[in-house]
Amino acid sequence: MRHIAKTVMDTSGGERAKFMTAKTPPDLIRLDSGSPSFATPPHIVAAVKQAIDAGHTGYILEKGVMPLLVAICESIAAETGATIAPSQVLITNGSSSGIYAVMSCFLDPGDEVIVFDPSYSLYPHVARQLGAVPVPVRHKADYQLDVEAVRRAITPRTRLVMLNNPNNPTGIVYKEDDIAALLDLCAEKDLLLAADEAYSKLMQPGQVHVPVLKFHRHLDRLILLGTFSKTYAMTGWRLGYAVAPPDLIDYLYGIHRAINGPICNFVQRAGIAALQGPQDCVAEFNAVYHKRAALMHRLATTIPGLHPAAPQGAFYMWTRFDLPQSAREVRARLFERGVAVRSGSEYGSGGEKHLRISYSVSEETIERGMAVITDVVSELAKEAA
Ligand SMILES: Cc1ncc(COP(=O)(O)O)c(C=O)c1O
C-alpha cells in the first residue's frame, strides 16, 4: 500500500469525515445543512458576470484585489472602529483555508490550541493534521464561555485560542464581558486568539454580536477569520478573508499561497459588490431565519425529553436530550427514519447527549422533520424503559 502521511491517516477517519462521505437517500429531510437556504443575491451574481466580461480573469499577485481589501477594512472600521490597513488583510479560499493557514502558521507539532467544546469540528481536525494538540474547554451550562476553565487549560505549550462566535453547533452568541475577559487572559498569557465570525450577520432578534476587533487594545494578538459564505449565501464561491497584525499577516500569506495560490480574481470583484451593495438581502435572510427558528424551537419544546436552547445566531438549534442512547445512536436512528441531523458529539465530547438541528430549510420541512423527531425520541425512550 502507498505510504500515507501519519497525520493524515490519524485524522481522515472520525465522525466528521464519515459524515462528509455518507450517501444520502433522495427523500431525506435535511435538518443537517450548514448552507444558507437562499440563492446568492442577483446584484452579486451580476457583478461576477461583469468582472468576467471586463477581463478580470488573470492571477492576482497580491493578498487580494485592492478594492476588496479596502472594502473589508471599511466595513471593519464601520462596525468596530478599528483602523486596519489593506496590507493586513488576506483573501482566502473561504474561511476554511484561513483556519488552516492560521493553525499552520502558529502551531508546531506538540503545540496546544484551545478549542471550545463544542465548536466547529474543523478546528481539532486541522490541529491534529498538523501534529498539534487541540485542548477542548467546555462551556458553562448555558453554553456561554467559561473563561476560568480556559485559564486552567493553559500550559507552556499553549499558543492559540480559537473562538467561534456565534458558535456552530450551539447557535449561541457569546457575551461581551466574557469575550473581554478571555482577551485579557490571552494578553496575560501572551496568546494569540483567532476569531471565526462566520455567522456574525445572522442574528436572532435582540441578539448583538460583539466582534473581537472592537477590543482595540488587543489588536496585536487578534486574527479575524471572515467569510462571505453564510452572510451572502455564497458558500460555493469560496471567498473569505483573514485579518492579522502587521507583523503576522505575511506569514499567513506565505502558507496560504503555497496551498491555494491566489484566490479567483472575478470572485473577489463580486465580494466588493457584496460588501458595498445594498444590504437588504441580509435583512431578508434574517427575517426568514427568525420565523424558522421560532417555529423549530416552539415545536422542539413540546417534545418530552428534549431541552432545546433558544437559537441566538447562525441557523442552528442546539438541543440536549434525556435518553440513554448516545448522540451518534440518536442521529443514526433519525437517519434510518429519514431525518438527517448532526450528532452533538461530532463537535466535541461536550456535545454528547445533544443534537444540532439546522433551520436553514423551509417551514414545511421543519414541520415534517420535527414530527419524525417527536416519534423517534418517544420510541427510543420506550425502548430504554
Ligand atoms: C463556524 C464556521 N466557520 C467556518 C466555516 C467555513 O466556511 P467557508 O469555508 O465556506 O467560509 C463554517 C462552515 O460551515 C463554519 O460553520
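Just so you know, these numbers come straight off a predicted model, no measurement behind them. Just so you know, ligand 1 is whichever comes first in the structure, and atom 1 is the first atom listed for that ligand.
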**Student:** Just to be sure I understand the cut-off, which residues have at least one non-hydrogen atom under 4.0 angstrom from an atom of ligand 1?
**Tutor:** Gly94, Ser95, Ser96, Tyr120, Asn164, Asn168, Asp196, Ala198, Tyr199, Thr227, Ser229, Lys230, Arg238
**Student:** Taking the six-membered ring of Phe335, is the NZ or CZ of Arg337 close enough (under 6.0 Å from the centre) and on axis enough (within 45°)?
**Tutor:**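 Judged by the rule (NZ or CZ under 6.0 Å from the ring centre, within 45° of its axis), Arg337 is not positioned above Phe335.
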**Student:** Please say whether the positively charged group of Arg292, taken as NZ for Lys or CZ for Arg, lies over the ring of Tyr359, i.e. under 6.0 angstrom from the six-membered ring centre and within 45 degrees of the axis.
**Tutor:** no
**Student:** Between Arg257 and Tyr253, is NZ or CZ placed under 6.0 angstrom from the six-membered ring centre and within 45° of the ring axis?
**Tutor:**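 Pair Arg257/Tyr253 counts as cation-pi.
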**Student:** With no hydrogens and no angle check, do the side chains of Ser360 and Ser358 hold a donor and an acceptor under 3.5 Å apart?
**Tutor:** no
**Student:** Are Lys140 and Asp146 close enough for a salt bridge, meaning some N to O gap below 4.0 Å?
**Tutor:** no
**Student:** Do Tyr174 and Asn167 have side-chain atoms, one donor and one acceptor, less than 3.5 Å apart?
**Tutor:** yes
